Amino acid sequence: MSSPDTPRHIPPLLPAVVTVIALLALGAAGFRYLAPAPPGAEVGLDRVRAAALAGDLQRATLLDQDAVVVVVDAAGAVLHAAYPASDVATAQLVADLATGDVAVRVDPQVDKAVVGVLVTVVLPLILLAALFAIVLVATRDGAGAGGVAGFGRLRGRQAGGHDRPDVRFSDVAGIDEAVVELREVVDHLRDPSRLATLGGRPPKGVLLAGPPGVGKTLVARAVAGEAGVAFFHVAGAEFVESLVGVGAARVRDLFAQVREAAPAIVFIDEVDAAGRRRGAGGAVGGTDEREQTLNQLLVEMDGFSVDDGIVVLAATNRPDILDPALLRPGRFDRQVEIGRPDLAARQAILTLHAGTRPLHPDVDLAALAGRTPGFTGADLAAVVNEASLLAARTGATQVTQSHLVEGVDRVRSGPRASQVLTDAERHRVAVHEAGHAVVVAALGRAAEVTRVQAVPRGRTLGSVTLGGDAVLRAAEDLRDDLVALLAGRTAERDRLGSASTLGEDDLARATGLARDLVGAHALVEGLPPRRLLAPRTAGHLGEATDDAVLGADARERLDTAVDAELVAAEARASSLLQVNGAVLEKLVGELDRLESVDGHRLHALLAGIIPPARATAGQR
Ligand code: ADP
């Protein structure tokens, strides 16, 4: 992340600064020149006048600009005296001198007059202009840190800041899916012609979605390292300013630098700070600024083609709040989800980080991985680091298992503790997710279940990955979906005695689905074929379903039918779970042990499912 402080923006300022200094020196010299320095000793004007009247003077010279009279007396001594620079006073002096028969000469000092105008009028004007130019240059291009300088551009390490990381994919562990996706980007940057001959179009932008510390920055640097291209690292928040237009200027500035350095990878961390959905409030004021910044980002992304060798990688923990325009083709058209590492991934990460340290033979990284559910790659790196520090402190020459275990405790009790699950919580997540998986399989859709995880992922704690993508759904398919959605909390309730907040999202989706089933599709036997819900305008699930126009009567019918669907679905989930209790038990056991089950292991387990008796499915 270190980058040379390229002083690329200093040169335009340098001439201006030199000019100012030269002008100041010139001015000082000018003033010195202007200061009166007449010959001879200084005396009072009265003495000169008296000497003149007494006939004691030979000659007198009036220095007009200095308002000084220089006289030579009878003895040949040179004296001078200042006189008031008014016409009356001058005339009086000349008259006095004439009375004493002194030869009077007036020196208009033309050169001094010219220098006077230069120093007091022209020089200040030039000085002002030069200062103005400095401020202008500084504001536009920036220079130095802070202040008004550097406003329109990125500061600090980003001042023209990029580096060429020496990170490789081999320095990243446990996020193989992301690496596979990003390898394509590397291939293209290395050899743009290869994909072109195949007619393929590599992505211009890849969005890496996942919680902090899972290695998004690391893998982005690895892409640049593997491809041997420049790496620009900026945070989305750096584009957010309260002054309208500044963020946009920074985006423009960044991409100007990137174009110059291409081929290059631009990594925008926490892009959601700048790329939040437009129009979606939040900030009081500053919305204009955000929109301008986002628009500029869109313009810049449209402004280069992949053939320019520029790829933008962006990281976010909240892909859902990004402006949809960012996700359109030609921008961040590829999304890679990077979740918290599961058991195997954690072991891989630990192995990678511990690999460089002297380990005691008693170290068991697999066991350590088992102790660290919910830890991110950064947490695991911290564990190994803590252990090394502990070992060093105790004077040991090798890192032992107990150092590592102690390291886990230190990291766990750190600020991240809230995201880390206890064993009991993890068991609950396992029961919940296994419940979903078993019921989906029992509904005859085992092929759709590709992976079951009891690992916190983003804001969810576990997941069942379903592969179905049917477009047309019959009433019984929707009812099956309801059963599958409610299976998680039903499994918790049946096996652990109570449900939990884990099922919140499921519940919201199930309720929406049941309302659709009844109110939007009128798929309930015995109810009239009438659409009770207003058609959706926004087209998003759970948004803007307006049934306010319904009479109290119809509303009650809707509510009753929705409740009946949900209760029936829960009962079916419960009975399917009971019939398949043995499989559920085994799957929960596997999840407790491994956290993540997929592939052959999963299918072997689900093969034991007892198919449903269709008769219990009821309606239709
Ligand atoms: P993010 O950008 O997702 O917040 P970082 O890439 O900054 O996370 O990760 C911080 C550090 O944690 C990395 O520098 C690395 O040492 C370690 N780390 C995180 N994930 C991994 C991983 N998958 N493999 C190896 N190290 C990792």
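Remember, it's 1-based here, ligands and their atoms both numbered in the order they're listed. It should be emphasised that the depicted structure is a prediction, and the values quoted were computed from it without experimental measurement.
- A donor-acceptor contact closer than 3.5 angstrom is absent between the side chains of Asn385 and Ser388.
- One N or O on the side chain of Arg331 and one on the backbone of Ala325 form a donor-acceptor pair closer than 3.5 Å.
- Considering CG of Asp342 and CD of Gln347, their distance stands at 10.5 Å, rounded to 0.5 Å.
- Lys204 places no side-chain N or O within 3.5 Å of a backbone atom of Ile310 that could act as its donor or acceptor partner.
- Residue contacts with ligand 1, taken as heavy atom pairs separated by less than 4.0 Å, involve Ile349 solely via side-chain atoms from C-beta onward.
- Ranked by closest heavy atom to atom 10 (C) of ligand 1, the top entry among Gly210, Ala382, Ala378 is Ala378.
- Distance alone, capped at 3.5 Å, is enough to place a donor-acceptor pair between the His403 side chain and the Thr400 backbone.
- At least one N/O-N/O distance between Val214 and ligand 1 falls below 3.5 Å.
- The backbone N or O of Val299 sits nowhere less than 3.5 Å from a side-chain atom of Asp302 that would complete a donor-acceptor pair.
- Within ligand 1, the atoms closer than 4.0 Å to a non-hydrogen atom of Asp171 are 25 (C), numbered from 1 in the order shown.
- Short contacts between ligand 1 and Ala173, defined as distances under 4.0 Å to a heavy atom of the residue, involve ligand atoms 22 (C), 23 (N), 24 (N), 25 (C).
- Between His353 and ligand 1 there is a heavy-atom distance shorter than 4.0 Å.
- Nearest-residue assignment for atom 9 (O) of ligand 1 (options Gly215, Ala315, Ala178; heavy-atom criterion): Gly215.
- Remark: ligand 1 and Asp269 share no N or O pair separated by less than 3.5 Å (distance only, no angle test).
- The ligand atoms of ligand 1 that sit less than 4.0 angstrom from a heavy atom of Leu352 are 25 (C).
- Formation of a donor-acceptor pair under 3.5 Å by the Arg489 side chain with backbone atoms of Leu507 is not found in this model.
- The closest protein non-hydrogen atom to atom 6 (O) of ligand 1 is Leu218 N, 2.8 Å.
- Among all non-hydrogen protein atoms, the one lying nearest atom 18 (N) of ligand 1 is Gly377 C, 3.6 Å.
- Heavy-atom proximity to Gly213, at under 4.0 Å, picks out these atoms of ligand 1: 1 (P), 3 (O), 4 (O), 8 (O), 19 (C), 20 (N).
- The ligand atoms of ligand 1 that sit less than 4.0 angstrom from a heavy atom of Pro212 are 4 (O).
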Step-by-step side-chain hydrogen bond (donor to acceptor under 3.5 Å, both in side chains) determination, Asp506 to His432: CA-CA 11 Å; Asp506 297 340; His432 184 103; 3.0 Å; yes

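- Shortest non-hydrogen contact noted between Phe232 and Leu254 is CD2-CD1, 4.1 Å.
- When hydrogens are left out, the protein atom nearest atom 2 (O) of ligand 1 is Thr217 OG1, 2.5 Å; that is the closest non-hydrogen contact.
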